There are 2 protein chains.
Amino acid sequence: MNSQEIVEKLRLELRRGALPLAVLAQLQEEHYGYSLRRELNQKGLEIDEGTLYPLLRRLEKQGLLTSEWRSDDKRKKRYYRLAELGQEVLESLIVEWRVLNDSIDAVLKEKK
Amino acid sequence: MNSQEIVEKLRLELRRGALPLAVLAQLQEEHYGYSLRRELNQKGLEIDEGTLYPLLRRLEKQGLLTSEWRSDDKRKKRYYRLAELGQEVLESLIVEWRVLNDSIDAVLKEKK
DNA sequence: CCACATACTATGTGATACACAGTATAGAGA
DNA sequence: TCTCTATACTGTGTATCACATAGTATGTGG
């Protein structure tokens with residue numbers, strides 16, 4: 001395994017944990033899977049379909065999201081938005097994110 | 001599963017990806033496992049022994065760290081420090097960390 | 001009419017943090 | 001001396017989850 005591959009793998013791990021946070025935060029506005037993916041992509045968070053859809057189902061199963069099949073134009077889409085529980089969880093997660101950031105900053109500050 | 005448990009699980013996932021980054025960054029100074037753990041704990045990054053030691057071995061196996069058994073005082077300890085490859089990887093990871101931060105900030109900024 | 005974007009589903013795999021348990025030494029206080 | 005705690009590391013099993021890959025199906029522009 002070369003250095004490039006190692007970095008790539010660590011990069012994936014790094015993003016992995018941040019995905020639920022990003023998804024929850026983004027779903028303060030209603031989105032369907034595809035538009036959510038586009039939105040996150042634009043903000044620099046590439047997320048595979050095979051990652052996003054199961055994640056959405058998982059978060060819904062946990063009661064953090066609600067969803068609804070609708071056909072606004074012609075196609076049927078599953079629209080997701082943050083549930084009340086999701087809002088609470090999101091707020092806690094944001095706090096955790098800040099804490100984590102401070103910790104990492106503390107480690108990086110020393111020598112960098 | 002209640003809201004508390006969900007948050008806790010997501011929190012773990014969040015930190016998970018950041019651990020290699022923190023470990024690599026901290027090992028710009030030499031440390032043995034125990035002192036490394038103490039150091040990270042102080043900075044707010046609690047890391048289990050069962051997580052840290054395997055992680056160290058993995059990073060060494062990938063050539064990012066070098067280690068050496070030594071008995072400075074009485075006890076024998078395995079001292080770790082960043083290898084040259086580790087330095088490169090660390091620098092890339094820091095860049096990725098900043099990118100991720102910007103992305104998350106972009107998502108959070110909208111409504112929070 | 002056909003290539004492409006859209007929109008979602010399904011399955012298998014590999015990586016890995018953590019739980020839990022175990023081994024062993026050193027130092028301090030009773 | 002005995003025991004307790006901190007130190008220091010190893011080993012095994014499990015659950016979770018992102019990703020790879022493939023498949024289904026519909027709308028749209030040329």
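What you see below is based on every heavy atom in this structure, not just the backbone, and it leaves out hydrogens, waters and symmetry mates. Since the model is a prediction, treat every value here as computed from it, not as a measurement. We name chains A, B, ... by the order of the sequence lines, and we start the count at 1 in each one.
A salt bridge links A/Lys43 with A/Glu39: the distance from a Lys NZ or Arg NE/NH1/NH2 to an Asp or Glu carboxylate oxygen falls below 4.0 Å. Ion pair B/Lys77/B/Glu30 not flagged as a salt bridge, since none of the NZ, NE, NH1 or NH2 atoms sits closer than 4.0 Å to an Asp/Glu carboxylate oxygen. Note on B/Arg57 versus B/Glu60: no salt bridge recorded, every NZ/NE/NH1/NH2 to OD/OE distance being 4.0 Å or above.
The side chain of B/Arg15 contributes an N or O atom lying less than 4.0 Å from OP1 or OP2 of C/dC18. At least one side-chain nitrogen or oxygen of B/Arg38 sits closer than 4.0 Å to the OP1 or OP2 atom of D/dT7. For A/Arg37 and C/dT6, the shortest distance from a side-chain N or O to OP1 or OP2 is not below 4.0 Å. Considering only side-chain N and O atoms, A/Arg16 lies nowhere under 4.0 angstrom from the phosphate OP1 or OP2 of C/dT16. Residue B/Tyr53 places none of its side-chain N or O atoms closer than 4.0 Å to OP1 or OP2 of D/dT10. Between A/Arg58 and the phosphate of D/dA18, there is a side-chain N or O to OP1/OP2 separation shorter than 4.0 Å.
If you take CG of B/Leu10 and C1' of D/dA18, they are 14 Å apart, rounded to a whole angstrom. Atom pair A/Tyr79:OH and C/dA7:C1' shows a separation of 11 Å (rounding to whole Å applied). Separating the CD atom of B/Glu8 from the P atom of C/dA17 is a distance of 16 Å, rounded to the nearest angstrom. Distance CG (B/Leu45) to P (C/dC18): 10 Å, rounded to an integer number of Å. Atoms NZ (A/Lys77) and C1' (C/dT6) sit 8 Å apart, rounded to a whole Å. The nearest whole Å value for the distance from the CG atom in A/Leu14 to the C1' atom in C/dA15 is 16 Å. One interatomic measurement links the two molecules: CD1 of B/Ile47 to P of D/dC9, which rounds to 13 Å at whole-angstrom precision. Rounded to an integer number of Å, the gap from OH of B/Tyr80 to P of D/dA8 is 14 Å.
Positionally, the nearest nucleotide of DNA chain C for A/Arg78 lies more toward the 5' end than for the other of A/Arg78 and A/Glu13. Two residues, A/Glu46 and B/Arg57, neighbour DNA chain D, and the one matched to the more 5' nucleotide by heavy-atom proximity is B/Arg57.
Backbone-only engagement by A/Leu12 is indicated by non-hydrogen atom pairs under 4.0 Å involving sugar-phosphate atoms exclusively.
The two residues B/Leu85 and A/Ser3 have their closest heavy-atom pair at CD1-CB, 3.4 Å.
Evaluation of the side chain to side chain contact (heavy atoms under 4.5 Å, CB included) rule for A/Arg37 yields A/Asn41, A/Ile47, A/Glu49, A/Leu52 as partners, not counting sequence neighbours.
Applying the ring-ring contact (aromatic ring centres under 6.0 Å, His included) rule to pairs touching residues 84-109 of chain B yields A/Trp97-B/Trp97, sequence neighbours excluded.
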Checklist entry - For nucleotides 20-27 of chain D, read 5' to 3', which letter fits each nucleotide if B means a protein heavy atom sits under 4.0 Å from the base, S means only the sugar-phosphate is that close, and - means neither? => result S----BBS

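The side chain of A/Leu19 lies closest to D/dC19, out of D/dC19, C/dT9, D/dA8.
Neither side chain, B/Gln4 nor B/Glu8, offers a donor N or O lying under 3.5 Å from an acceptor on the other.
Atom CG of B/Leu14 is separated from atom CZ of B/Arg11 by 9.0 Å, given to the nearest 0.5 angstrom.
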